[in-house]
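Counting starts at 1 for both ligands and their atoms, in listed order.
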Amino acid sequence: MKDIADKTFRIVIIGSGPAGLTAALYAARADLKPLVLEGPEPGGQLTTTTDVENFPGYPEGVMGPKMMEDFREQATRFGADCRYGMVTSIEFDKRPYKLTIDEETTIFAEAVIVATGAAAKWLGLPSEQRMRGRGVTACATCDGAFFREQHVIVIGGGDSAMEESTFLTKFASKVTIVHRRDEFRASKIMQDRALNHPKIEVIWDSTIEEVLGEQVVQGVKLRNVKTGEITTLEDVTGVFLAIGHKPNTDLFKGVLDMDESGYIITKPRSTYTNMDGIFACGDAQDAIYRQAVTAAGSGCMAALDAERWLENQVDHVETGGYRLYHPGGRHIPLRSE
Ligand code: NAP
């Protein structure tokens with residue numbers, strides 16, 4: 001990082017999942033020489049999955065980590081500089097924005113693309129972590145098809161748990177929802193859809209004690225939180241966590257507009273945030289679709305938005321006047337102003 005200390009970049013992209021690396025590809029092809037700071041999980045959530053079968057262009061499917069390597073290679077081929085590094089703080093009061101990487105190197109960015117993604121919430125059990133990708137997953141859309149004619153469980157009682165359970169009935173022979181309370185928080189309509197489905201059963205007041213199996217899931221041990229009784233479901237081969245996601249947006253709290261869960265709010269049909277020159281894409285701003293392909297699409301949008309915004313900044317500096325090029329964005333003065 002020393003070689004880039006105090007350098008000013010036209011675009012800095014924070015995050016290296018499908019959104020960040022697609023933004024990098026487009027920004028690099030626009031000759032903006034973007035810097036990509038890859039964050040704690042280079043490649044993003046897909047590097048923790050196995051086969052990806054729903055990304056267009058891979059008719060045979062592709063391993064998640066391989067796909068992200070391909071994304072990275074394509075972006076670097078056009079001049080993106082992708083580096084391991086965590087943005088630890090940003091000064092938002094002057095432009096170019098000042099970013100500190102790994103608490104030691106400072107750089108400047110005329111435009112920032114936030115592609116920090118989101119992380120599925122996990123229970124935190126050692127057996128759950130050991131079996132991730134071996135039958136324990138947090139993405140029914142990605143992995144459901146691997147469980148044809150099998151018994152799977154879904155943990156959670158929100159809309160995601162209902163939606164994922166219903167979706168999983170397309171493949172699984174039986175879906176058991178395990179919920180820690182005796183009522184769901186999901187919307188009535190989604191509850192009804194799940195509860196009325198002949199393939200779906202519910203085990204109330206229960207949590208997972210242990211995921212069984214070594215190479216693949218071979219059952220789960222459940223604990224009834226009211227009685228303390230332990231039961232084992234021996235034929236379960238898939239465990240789907242649906243206990244919520246958390247967007248990785250803590251760095252921007254109090255600065256960028258967010259919803260109550262921390263998802264960054266962008267202007268409709270764009271990636272503009274409420275701050276001049278800061279754009280957001282991918283799962284950091286998408287609580288609804290959360291797919292690699294939608295993240296990649298919004299990464300492309302962010303690069304195009306940022307590119308156009310940067311072009312207009314040239315006008316702004318030359319004319320010396322202020323015009324609102326960032327729709328609805330808060331004007332941040334230039335360091336030279
Ligand atoms: P959520 O609403 O936060 O629900 C999380 C569920 O997981 C809750 O039932 C919670 O139990 C349970 N849970 C949390 N931590 C747990 C733990 N450690 N152990 C066991 N259970 C745990 O999350 P979500 O379902 O992902 O929904 C997030 C947002 O997206 C919501 O606003 C939702 O409406 C929206 N959404 C909408 C749709 C749709 O409209 N199609 C689909 C999916 C999501 P408790 O109930 O006991 O707290």
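The only option from Thr176, Thr232, Val178 that meets the side-chain contact (heavy atoms from CB on, under 4.5 Å) definition with Leu222 turns out to be Val178.
Side chain of Asp102 to main chain of Glu104: no donor-acceptor pair is present (N/O by atom type, distance under 3.5 Å, no hydrogens or angles).
Defined by atom type and a distance below 3.5 Å, a donor-acceptor pair is present between the side-chain atoms of Tyr58 and Asp70. Defined by atom type and a distance below 3.5 Å, a donor-acceptor pair is present between the side-chain atoms of Gln285 and Thr266. A side-chain donor from one of Thr137 and Asp143 sits under 3.5 Å from a side-chain acceptor of the other. For Gln150 and Thr237, the side-chain atoms include at least one donor-acceptor pair closer than 3.5 Å.
Distances from atom 6 (C) of ligand 1 to the protein include at least one heavy-atom value under 4.0 Å. Counting protein heavy atoms under 4.0 angstrom from atom 46 (O) of ligand 1 gives one or more. Contact annotation for atom 31 (C) of ligand 1: protein absent (non-hydrogen atoms, distance under 4.0 Å).
Across the listed options Arg185, Glu260, His179, Arg180, Arg185 owns the non-hydrogen atom lying nearest to atom 2 (O) of ligand 1.
Within the listing of ligand 1, atoms 7 (O) sit less than 4.0 angstrom from a heavy atom of Gly156. In summary, the atoms of ligand 1 found under 4.0 Å from a heavy atom of Gly244, numbered by their order in the structure, are 23 (O), 26 (O). For ligand 1, the atoms lying closer than 4.0 Å to a non-hydrogen atom of Glu163 are 41 (N), 42 (C), 43 (C). Per-residue contacts place Gly157 under 4.0 angstrom from the following atoms of ligand 1 (heavy atoms of the residue considered): 6 (C), 7 (O), 8 (C), 9 (O).
Distances from ligand 1 to the non-hydrogen atoms of Thr207 include no value under 4.0 Å. Put simply, no part of Lys121 is less than 4.0 Å from ligand 1, judged by heavy atoms.
Regarding atom 24 (P) of ligand 1, its nearest protein heavy-atom neighbour is Ser160 OG, 3.2 Å. Counting only heavy atoms of the protein, atom 40 (O) of ligand 1 lies nearest to Met190 SD, 4.0 Å. Looking from atom 33 (C) of ligand 1 to the surrounding protein, the closest heavy atom is Asp159 OD2, 3.5 Å. Scanning all protein heavy atoms for the shortest distance to atom 19 (N) of ligand 1 gives Leu123 CD2, 3.3 Å.
Neither the backbone nor the side chain of His245 comes within contact range of ligand 1; no heavy atom lies under 4.0 Å.
The shortest N/O to N/O separation between Ile155 and ligand 1 does not fall below 3.5 Å.
Using a 30° and 60° split on the angle between ring planes, Phe147 and Phe240 fall in the perpendicular class, above 60°.
The number of heavy-atom neighbours closer than 6.0 Å to NZ of Lys246, taken from other residues, nucleotides and ligands shown, is above 12.
Residues Arg290 and Asp283 are not paired through a salt bridge, judged by the lack of any N-O separation under 4.0 Å between the basic side chain and the carboxylate. Between Asp3 and Arg83, at least one side-chain nitrogen of the basic residue sits less than 4.0 Å from a carboxylate oxygen of the acidic one, meeting the salt-bridge criterion.
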